[in-house]
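Structure, as structure tokens:
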2 protein chains.
Amino acid sequence: MPDPAGERQNLGLLCFYPHRALEARLLAALVAAGFDDITTAQGRIAARIAPGGTRLTALAEQALVTKQTAGHLVDQLERAGYVRRVPDPTDARARLVQMAERGEAVVAVARRVEAEVEAEWTAHLGEEAAAQLRAALERLREVTDPYR
Amino acid sequence: MPDPAGERQNLGLLCFYPHRALEARLLAALVAAGFDDITTAQGRIAARIAPGGTRLTALAEQALVTKQTAGHLVDQLERAGYVRRVPDPTDARARLVQMAERGEAVVAVARRVEAEVEAEWTAHLGEEAAAQLRAALERLREVTDPYR
DNA sequence: ACCATCTCGTCAGAGGATCTGACCATCGTC
DNA sequence: GACGATGGTCAGATCCTCTGACGAGATGGT
């Protein structure tokens, strides 16, 4: 990962700063809202739960962790009441991880903070540059996200 | 951190994909080059060592970890021969973490991979869009990197 | 139906990464 | 010189992540 404090930083590293900043803002806001028992790792898993529920294996794939790790994190989220596991009606081996009520409350807070942060960034960059940034990142995702 | 598999992803999450892709590419290339005893956490610290050496506290600040964590990672890097610690001539309390020969070799590989990846991304986006992306990310860094 | 094979998820165990708290040596300043 | 601030370490705990092994259910060919 080496990259000096030099002038021209690589694009990957430049991408890191906004991501880290958002994650820190989110975590702080969640703690402030009383959800102080959540970790970033749990959040990264929870963030990938689709409306109807998502299989553990799918969560693991998208988050780029092993299914053991994902299972461990879902255990914690379940114990804390953020998610629940229900049988998958289409496959008796599988179970769907769904948001519980408490989980939905967290998502609501997260959505608000995300919108806030994005508004700040847009204000800093200007509408047009922000839109271009989004477009470029979305196109970049085509070649950098194996699970798009 | 929650963010659904929904349509319009937030900018922070969009930033994550390129960063993760680059880090994975780097790690794979380093392993392929025989540097198979390095971890991403070590890399994130090593990446911030300036040419003349950097203090532990500075490394910790920039990587956003505690100085204990940074010290632990530098211990490993030192044991593996990637870096060395030398006394700071300007302050008897402090020591400078410097790249050792083996560390320089890693940096060389990393530089090459970074350039490769950036060339691929530029090819995908087009010269102009890539330049705009870089410019936007650099401006965004002004408000997202506390240690710029 | 049946069997080989794959997929979904779990259990067990180990190694890393990261934090908090306590502590010492040195620096800078009044 | 005395005192608060800074650089770094030690100790201990917690969380995250992985590898390996495994059982239960699905799938496809015969």
Side-chain angles (χ1 to χ4, degrees), chain A residues 1 20 23-24 27-28 30-31 35-50 53-80 82-98 147, chain B residues 1 20 23-24 27-28 30-31 36-50 52-80 82-98 147:
Chain A
M1 262 86 317
R20 181 179 68 182
E23 213 167 51
L27 202 61
L30 292 181
V31 168
F35 303 110
D36 57 348
D37 57 346
I38 213 167
T39 67
T40 61
Q42 289 169 22
R44 280 194 277 257
I45 289 290
R48 290 171 169 83
I49 298 176
T54 306
R55 291 190 189 178
L56 184 65
T57 305
L59 292 178
E61 258 185 8
Q62 290 167 32
L64 284 198
V65 299
T66 60
K67 42 190 186 163
Q68 290 92 326
T69 299
H72 182 56
L73 293 169
V74 169
D75 282 348
Q76 299 171 246
L77 287 166
E78 192 173 26
R79 223 176 303 124
Y82 291 115
V83 307
R84 61 173 161 261
R85 289 190 237 227
V86 302
D88 183 336
T90 73
D91 189 331
R93 292 168 306 180
R95 297 158 82 187
L96 293 176
V97 180
Q98 293 180 335
Y147 301 98
Chain B
M1 263 86 316
R20 181 179 67 182
E23 212 167 51
L27 201 62
L30 292 181
V31 169
D36 57 349
D37 57 345
I38 212 168
T39 67
T40 60
Q42 289 168 22
R44 281 193 276 257
I45 289 289
R48 291 172 167 83
I49 298 177
T54 305
R55 290 190 190 178
L56 185 65
T57 305
L59 292 178
E61 258 186 7
Q62 291 168 31
L64 283 198
V65 298
T66 60
K67 42 188 187 167
Q68 291 91 326
T69 298
H72 182 56
L73 293 169
V74 169
D75 283 348
Q76 301 172 244
L77 287 166
E78 190 172 27
R79 225 176 301 125
Y82 292 114
V83 307
R84 62 171 160 264
R85 288 190 235 226
V86 301
D88 184 336
T90 72
D91 188 332
R93 293 168 303 179
R95 296 157 80 186
L96 293 175
V97 180
Q98 292 180 335
Y147 300 97

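For clarity, every value in this text was computed on a predicted model and none was experimentally measured. Lettering of chains follows the sequences in order, A, B, ..., and the numbering in each one begins at 1.
Side-chain contact between A:Leu96 and A:Arg55 is present, with at least one heavy-atom pair separated by less than 4.5 Å.
In this structure A:Leu56 satisfies the side-chain contact (heavy atoms from CB on, under 4.5 Å) test together with A:Ala70, A:Val74, sequence neighbours excluded. Under the rule for a side-chain contact (heavy atoms from CB on, under 4.5 Å), A:Thr57 has no partner lying at least two apart in sequence or in another chain. By the side chain to side chain donor-acceptor pair (under 3.5 Å) test, A:Asp75 is found to be paired with A:Arg85, residues two or more places apart in sequence or in another chain being considered. Remark: B:Ala24 pairs with no residue by the side-chain contact (heavy atoms from CB on, under 4.5 Å) rule, at least two apart or across chains. The side-chain contact (heavy atoms from CB on, under 4.5 Å) check on B:Thr54 picks up B:Ile49, B:Ala50, B:Ala58, B:Leu59, with sequence neighbours excluded. In this structure, A:Gln68 has no side chain to side chain donor-acceptor pair (under 3.5 Å) partners at least two apart in sequence or on a different chain. With sequence neighbours excluded, the residues forming a side chain to side chain donor-acceptor pair (under 3.5 Å) with A:Asp91 are A:Arg93, listed by chain and number. For A:Arg95, there are no side chain to side chain donor-acceptor pair (under 3.5 Å) partners, not counting sequence neighbours.
Across the protein-nucleic acid pair, A:Asp88 atom CG and C:dT10 atom P stand 13 Å apart, rounded to whole Å. What separates CD of B:Glu61 from C1' of D:dG7 is a distance of 11 Å, to the nearest Å. Here C:dG16 presents its P atom at 9 Å from CD of B:Gln42, a figure rounded to the nearest Å. Separating the CG atom of B:Asp36 from the P atom of C:dG15 is a distance of 17 Å, rounded to the nearest angstrom. We find that CG of B:Asp75 is positioned 14 Å from C1' of C:dT18, with the value rounded to whole Å. When the C1' atom of C:dT10 is taken as reference, atom CD of A:Glu78 falls 13 Å away, rounded to whole Å. Rounded to an integer number of Å, the gap from B:Glu23 CD to C:dA17 P is 12 Å. Going from atom CG of B:Leu27 over to atom P of C:dG16 covers 14 Å, rounded to whole Å.
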Verdict with reasoning, A:Val97 to A:Ile45, per side-chain contact (heavy atoms from CB on, under 4.5 Å): CA-CA 10 Å; A:Val97 180; A:Ile45 289 290; over 6 Å; no

Set out, line by line, the N/O atom pairs under 3.5 Å between protein and nucleotides 17-19 of chain D.
| unit_1 | atom_1 | unit_2 | atom_2 | d |
| --- | --- | --- | --- | --- |
| D:dC18 | OP2 | A:Thr66 | N | 2.9 |
| D:dC18 | OP2 | A:Thr66 | OG1 | 3.3 |
| D:dC18 | OP2 | A:Thr69 | OG1 | 3.1 |
| D:dT19 | O4 | A:Gln68 | NE2 | 3.4 |

Please list, pair by pair, any protein nitrogen or oxygen found under 3.5 Å from a nitrogen or oxygen in nucleotides 3-8 of chain C.
| unit_1 | atom_1 | unit_2 | atom_2 | d |
| --- | --- | --- | --- | --- |
| C:dT7 | O2 | A:Arg93 | NH1 | 2.3 |

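Overall bending of the helix from C:dA1-D:dT30 to C:dC30-D:dG1, expressed as the angle between end axes built from five pairs apiece, is 40° (10° steps).
To the nearest 0.5 Å, atoms NE2 (B:His72) and CD (B:Gln42) are separated by 8.5 Å.
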